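Note that the coordinates shown come from a computational prediction; the quantities given were computed from them, not determined experimentally. Counting starts at 1 for both ligands and their atoms, following the listed order.
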Amino acid sequence: MKIQLASSYGFCFGVKRAIEIAEEHRGAVTYGPLIHNKDEIDRLKNGFNIGLARKLDDIQEKDTVVIRTHGIPKDELKQLKVQDTKIIDATCPYVTTPQHIVAKMSSEGYSVVIFGDEEHPEIKGVVSYAENPEDAFIVLTSEELEDLPLKAKVAVVSQTTKKPEDFAKIVTELMKSRKEVRVFNTICNATFENQDAAADLAKEADVMIVIGGKHSSNTKQLHSICQRYCDDSYLIENESELQPEWFDGKKLCGISAGASTPDWIVQNVIEKIEEMVK
Ligand code: F3S
């Protein structure tokens, strides 16, 4: 059986940058998991003594606090600043962009629509930047727009990991009822690149392995794209979850990995598959 990696996979620019920042600050704590990958978080803990504070109360005075790629709500950042902590901001620049857009458009009197998951840390952060919180709305479907008390002028942004076609549905719906719709395409290209490459490979492969955190929306989306083209598509966090029967009678095994998956995990998976099909 041949094993082939997607032409684009794994760590995106924002995650690489956040990990480098953390590695440069040995002994720091991250506020929330730095990325959605437990194995990489363990590596940072064991190799660089990087701790994890799940809530503000877990942060001690004089801690060096690394802000994760998804960013954090504005008021939490303020609270951290009043504590005697050193703040190192590893928020991905592609996430700070929608934060700034929301702040600006809200201050200019626009209703702000944010297309995303309200429970996602990135979205909790982005919405917190609205100057007028009562005029900022998080939606996941165009149907949810129906009952919102939106002004005639609306600005719309998207969670970085969402699909453009789904974002377009929200925009189209807004166009039907609002006089002015300012659309900011805040979807991240890194997501498209990995997705397109995974789809191309899944069309050819008879088994697809997608490696990444089970809570990572980016990895879950990669998996669902692969399932569209390849029935035998599996999502795993690391090589321990591989099952030998997945590869029985297969000719081409495709591999893709989410934006929070380090290369060393991808290599471990490939080695384990090679052993299994020997
Ligand atoms: Fe940033 Fe895009 Fe990665 S938003 S964290 S470069 S997936």
From A90, G14, C188, C92 - option closest to atom 1 (Fe) of ligand 1 by heavy atom: C92
Ion pair E23/R43, N-O distance below 4.0 Å: yes
Donor-acceptor contact below 3.5 Å, side chain T160 vs main chain V95: no
Cluster check L44, I87: I/L/V/M/F/W/Y, side chain < 4.5 angstrom: no
Sub-4.0 Å atoms of ligand 1 with respect to non-hydrogen atoms of T160: 4 (S)
Single hit among D135, I101, N132, V127 for side-chain contact (heavy atoms from CB on, under 4.5 Å) with S106: N132
Distance from atom 3 (Fe) of ligand 1 to nearest protein heavy atom, with residue and atom: C12 SG, 2.2 Å
